[in-house]
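Structure, as structure tokens:
Note that the numbering runs from 1 along the sequence shown for the chain.
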Amino acid sequence: MSTQTFDARDGQVLNYADSGKSGVVALVWIHGMWNNLHYWDGIWQHFPDFRHVRVDVPGHGLSPARLGSVSLEQFGYDIIDLIQHLALPRVILVGHSLGGIIALRAALDDPSHVLGLVLISTSSRVNSKARAAWRQRAQDASAQGYAAIAAIQLMVANMELEHEMPKLSGLPVLILQGAEDRQTPLRAGEILHKQLAQSELNVFRSGHNLMPESSDAIRCCAEWLADFPMRPLTAGIAMNRGGPNAVVPAGIVAVIGHQPPVTRCLLFASASLMVLCTLEILSPFTLYLNWQLIIYELQLWRLVTCFLFLGTFSLPYCWNTWVLVHYCSSLEDVAFHQKSADFLWMLICGAGMILALTYFFGNTYFVSGALIDLMTYVWGRRNSTAQMQVLFFTVRAPYLPWVLSWISLLMGGNIQDHLLGIAVGHTYFFFEDVYPLLPTSKGFRLFRTPRLLKMMQFHLMMKRLKTVTICSPGAARGPLRAMQHSHGVDSLIGTKSKDRRGYL
């Protein structure tokens, strides 16, 4: 198939190949970094019922590079311009690695043409360690004379897509992920699956170049596309057991069940107390923080229930639950991904500091709001460049706990509780994220997680891995044992791992 070129909106020349089949849905194939449109040779031919458009990403193949710095929006509009140039009414974007984030960007900027997405070895986020690694890669590429690649690597280092994923909640998405992928670890696919409501995650025993390595991945994609027009918009996860239709139905249980473990426990405990108090089986008077009853009558449960009770069923309860699900779940799932023990220890230390402050300086009865503010403060500081839409306001992430505090105050909350949470959150952030980087700290961490908690998390993860099966090409399905490095299990018990978490 011969290639052609056209000029995009900013004068960028794009090289592409078009099968030219009319009257059918088009698959637009977008390759990853250091590849070109021929990456898909031997793959696109497995989908004869579609029109196929393969494109060289600028700086790759026969598409010349852009000069200077580049943005993900430019690459997204390249795909949009190509769709419009070929007058394709509806398309499905298929992207691998870098091509996956370009497909996400194009779907966000012009969803009118996009029927669905197939995302292969793709991530919506780059964590702090990976960001530093990408910048180092860009410096190395620039020193070796690959200026165009260096500019793209810097673009990836600054990528921020995860907070826009809810905009694609109505779009069917197939996520294909390799369990042995060291560049885009399996956890990245799991996070992307949770962010996209109508997504389906399929995992294969393969590395980063999933489709060339796994015929099962090609077969899975073909099955998903075969019944695409009739596919129900149902969120689910399939571990390649019985094809992409083997999904878990969405529902209330799924919403709670898909939360990370610590957040799931918080939601379950707070919902249980809400129901019991709303039905007057329990009284809030048995749950609130009362130091005299704790000290003199040993009612020690109050040290816990004062954090878990969000109120009876009401608007404040719904608001706090929404914040807990939306932001605190994101904190555990992203900033503390595969580090639930660290997240739990942060809550324990924060709760201890909040209790100490209330004992000496306050007369607060319930401090669940302070605990939530602790989590939103740390979340905001670790996502400092993110822009958040809260009701009718757009705020930067570091200011999020202040905005949420004022909203809670308008609904009858206590500003003192929120100030406690913000103060404790700042203390944790300083001693965990700032002070250890100072030369005078000598690596000291005030809030280092006890080894016992990490060992407990390790054993729980190993128990979960034994219950999961995946496919290896041409082999029978069996226990998922090679996922230890992909999931970063080594890091749970303090040993060194070569898993480069968060790369694309």
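Applying the 6.0 Å contact sphere to CH2 of W406 captures no more than 12 heavy atoms from other residues, nucleotides or ligands.
Salt-bridge formation is detected for the pair R131/E160: a Lys NZ or Arg NE/NH1/NH2 atom is positioned less than 4.0 Å from an Asp or Glu carboxylate oxygen.
Put simply, the side chain of L98 reaches to within 4.5 Å of the side chain of M155, judged on heavy atoms. By the 4.5 Å heavy-atom criterion applied to side chains, M211 and I120 are counted as neighbours. Under the 4.5 Å side-chain criterion, counting only non-hydrogen atoms from C-beta, Q12 is not in contact with Q74. With contacts defined as side-chain heavy-atom distances shorter than 4.5 Å, the pair I407/V403 qualifies. Using a 4.5 Å heavy-atom cutoff, the side chains of T184 and T122 are not in contact. When side chains are defined from C-beta on, L168 does not count as touching V114, because their heavy atoms never get closer than 4.5 Å. L344 is not listed as a side-chain neighbour of P261, based on a closest heavy-atom distance of 4.5 Å or more. Considering only heavy atoms from C-beta on, L419 comes within 4.5 Å of W402 through its side chain.
Classified by interplanar angle (parallel below 30°, tilted 30° to 60°, perpendicular above 60°), the ring pair Y146/W34 is perpendicular. Ring geometry, F430 versus Y435: the interplanar angle falls from 30° to 60°, so the pair is classed tilted. Using a 30° and 60° split on the angle between ring planes, F313 and Y317 fall in the tilted class, from 30° to 60°.
When the ring pair (Phe, Tyr, Trp, His ring centres under 6.0 Å) test is applied to F307, no partner is found at least two apart in sequence or on another chain. Every residue two or more places apart in sequence or in another chain that forms a side chain to side chain donor-acceptor pair (under 3.5 Å) with N209 is listed here: Y39. D140 meets the salt bridge (charged side-chain N to carboxylate O under 4.0 Å, His left out) test with no other residue; sequence neighbours excluded. Considering only residues two or more places apart in sequence or on other chains, D342 meets the side chain to side chain donor-acceptor pair (under 3.5 Å) condition with T449. Taking D56 as the reference, nothing meets the salt bridge (charged side-chain N to carboxylate O under 4.0 Å, His left out) condition, with sequence neighbours excluded. For E432, the side chain to side chain donor-acceptor pair (under 3.5 Å) criterion is met by R445, not counting sequence neighbours.
A donor-acceptor pair under 3.5 Å is formed between the side chain of R302 and the backbone N or O of Y288. No side-chain donor-acceptor contact under 3.5 Å links S142 to the backbone of Q139. Of the possible polar contacts, none joining the D110 side chain to the A106 backbone as a donor-acceptor pair under 3.5 Å is found. Side chain of H31 to main chain of V57: a donor-acceptor pair is present (N/O by atom type, distance under 3.5 Å, no hydrogens or angles).
No option in F343, Y428, W345, F429 other than Y428 meets the ring pair (Phe, Tyr, Trp, His ring centres under 6.0 Å) test with F447. Applying side-chain hydrogen bond (donor to acceptor under 3.5 Å, both in side chains) to S124 and the options H163, Q195, E162 leaves one that passes, Q195.
Rounded to the nearest 0.5 Å, atoms CG (L186) and CD (E190) are 4.0 Å apart.
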Going through the checks in order, is the side-chain contact (heavy atoms from CB on, under 4.5 Å) test met by I152 and W134? CA-CA 10 Å; I152 294 175; W134 275 113; over 6 Å; no

Determine whether M353 and T427 satisfy the following criterion, side-chain contact (heavy atoms from CB on, under 4.5 Å), listing intermediate values before the conclusion. CA-CA 9 Å; M353 288 187 283; T427 303; 4.0 Å; yes

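Defined by atom type and a distance below 3.5 Å, a donor-acceptor pair is missing between the side-chain atoms of S97 and Q183. A donor-acceptor pair shorter than 3.5 Å can be found between the side chains of D181 and H208.
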